[in-house]
Number of protein chains: 2
Amino acid sequence: MQNPATPPHSHVEPLRLPQNVIKALSIDNLVFGLDEDELKILLVKQTDPMHQGKWALPGGWIRYDENLRDAAYRLLEELTGVKQLYLEQLKTFGRVNRFPTERVVTIAYYALVSAEHYSLVAGQSAADVSWQSVNNLPELIYDHAEIVQYGIKFLRHQVCHQPIGFNLLPEKFTLLQLQALYEAILNTKLDKPNFRRKIMKMDLLTACNEKQKGVPHRAANLYRFDSETYKQLTESGFSFEI
Amino acid sequence: MQNPATPPHSHVEPLRLPQNVIKALSIDNLVFGLDEDELKILLVKQTDPMHQGKWALPGGWIRYDENLRDAAYRLLEELTGVKQLYLEQLKTFGRVNRFPTERVVTIAYYALVSAEHYSLVAGQSAADVSWQSVNNLPELIYDHAEIVQYGIKFLRHQVCHQPIGFNLLPEKFTLLQLQALYEAILNTKLDKPNFRRKIMKMDLLTACNEKQKGVPHRAANLYRFDSETYKQLTESGFSFEI
DNA sequence: ATATCTTATTGTCCCATTGACCACAAGCCA
DNA sequence: TGGCTTGTGGTCAATGGGACAATAAGATAT
């Protein structure tokens, strides 16, 4: 972990910046995944003596000639090998003393990893990367706990107002999987028939004409999110609400 | 405009950074105000030959020992003299070539100026600061048009999901003023009796037991926003929706 | 084969909310 | 006094959501 792409929080003192980056400006990624109906985030274990036992958000430096989002993508791909994921800016955190040795402002992004990629992510990379349940997080370095709290709150809000939850599911999913997703993120119980009607009435799902396989009970229909229709509906004033 | 607090976009080349700031990181403020039922933003006229006739968002550099929000507050107060305003982070913009001479990333904040302060704002400061209708904006420098578009969209969303619109009104306001605010921001027409019922049922307004004065028709009741009640309601799961 | 279990899916009832619209009240002005 | 404008209270039908009952479809156990 001594290469130029080393995340800023792998060092403590002295701060050794790689060449060709914007000093004082870093990226931190808040990566969400869904595991057995539980919402998890991706954390990196700190190995240096100063932060022994603590964890951090995966992050790194922005290159001088690199757009912000590109930097976030690159850092995630370097870490997890996953290319396709939903990624949006979360917020910028810059409290004066958030970083010990220098004034470092960090731009936080949040990402959603689909079920297909979920198990690959942590495996692809070093052993010190792992998924952790948002309901039972370890101690985090710097202000990362604050970033996580803000991000969870933000995700809870977003997921109700934008159809982004689908990014956490496999491409083809059942209505119950979708419902379980909302229950996991919002930490609530929903009524199955009502949830079903609400979703279907939006006309955002297209039936795959295919059924679940390998389940020990009646197989449910599989659906996929129809982003084309969503785009059209949005233009005519439709707004997604759960 | 050659003092150390000069906004980054007042210069073009060479980039002369004031001492004691975080290089490569600036603040831009998107300041909203309501004027005669029209939504306006605060812009600064550019005087240097390079940007003659163009306008910019008021902005500046972040000091090395200053929190981000504090920097945004300071810059606004320096420019307008207004201390009390609603201010929140909007988004960070950092396209590689958004700034001509250097890689500069900017953290955009958005602010809401109350009607009491509205007319003071532009007067307090240089003649090259003025309110401009969001429906008829002049040409802006750099990526400021993009920031403005994003901000307007964001405001339209926020105002429907959070009770922030009150920050644009005087402390005591009538229901019709509130309705006009929503109509101006959302660019729609609303039904008066229905809007009224919807708002009142939320229990977020307390009557001042006072009436409008100096109007050539029946005077309406004045109300004020009750932030205490809102806090309590929020904790019990209430969510503001228009 | 039959019972039983689990989940999928459809249907129904009731109530709160919304939107469209009407009617009257209050105050100013000519 | 009457006409004008705006405030305020009401009706009514349509809609949408929450609670919940009922049935269907598979899989498994006996």
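Residues from residues 192-207 of chain A that place a heavy atom under 4.0 Å from any atom of DNA chain C, listed by number: A/Lys192, A/Pro193, A/Arg196, A/Arg197. Annotation: proximity of residues 234-242 of chain B to DNA chain C (heavy atom, distance under 4.0 Å) is found for no residue. Across residues 209-223 of chain B, B/Val215, B/Pro216, B/His217, B/Arg218 each have a non-hydrogen atom less than 4.0 Å from an atom of DNA chain C (numbered order).
Ring orientation note: the planes of A/Phe154 and A/Tyr150 are close to parallel, at an angle under 30° on the 30°/60° scale. Ring geometry for B/Phe32 against B/Tyr110 counts as perpendicular: the plane angle is over 60°, on a 0 to 90° scale with 30° as the lower cut. Taking the six-membered ring where tryptophan is involved, the planes of A/Phe225 and A/Tyr230 are tilted, since the angle between them lies from 30° to 60°.
Around atom CD of B/Glu241, more than 12 heavy atoms belonging to other residues, nucleotides or ligands sit under 6.0 Å away.
Across the protein-nucleic acid pair, A/Lys189 atom NZ and D/dG18 atom P stand 16 Å apart, rounded to whole Å. Here the C1' atom of nucleotide C/dT9 and the CG atom of A/Leu190 are 17 Å apart, to the nearest Å.
Comparing B/Leu176 and B/Asp191 along DNA chain D, the residue whose closest nucleotide (by nearest heavy atom) sits nearer the 5' end is B/Leu176.
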Distances for protein N or O near nucleotides 1-4 of chain D N or O, under 3.5 Å:
none

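The shortest side-chain heavy-atom distance between B/Leu87 and B/Asn29 falls under the 4.5 Å cut-off. Contact check for A/Ile141 versus A/Gln46: side-chain heavy atoms found under the 4.5 Å cut-off. Taking the side chain as every heavy atom from C-beta outward, A/Gln212 and A/His217 approach each other to under 4.5 Å. Residues A/Leu222 and A/Lys211 have side chains not in contact (no heavy-atom distance under 4.5 Å, counting atoms from C-beta outward). Contact check for A/Glu183 versus A/Gln179: side-chain heavy atoms found under the 4.5 Å cut-off.
In terms of the salt bridge (Lys or Arg N to Asp or Glu O under 4.0 Å) criterion, residue partners of A/Lys54 (sequence neighbours excluded) are, by chain and number, A/Glu139. Not counting sequence neighbours, B/Asp226 has no partner by the salt bridge (Lys or Arg N to Asp or Glu O under 4.0 Å) test.
Judged purely by atom type and a 3.5 angstrom limit, B/Thr80 has no side-chain atom pairing as donor or acceptor with the backbone of B/Glu77.
In this structure, B/Phe173 has its ring center under 6.0 Å from that of B/Phe166.
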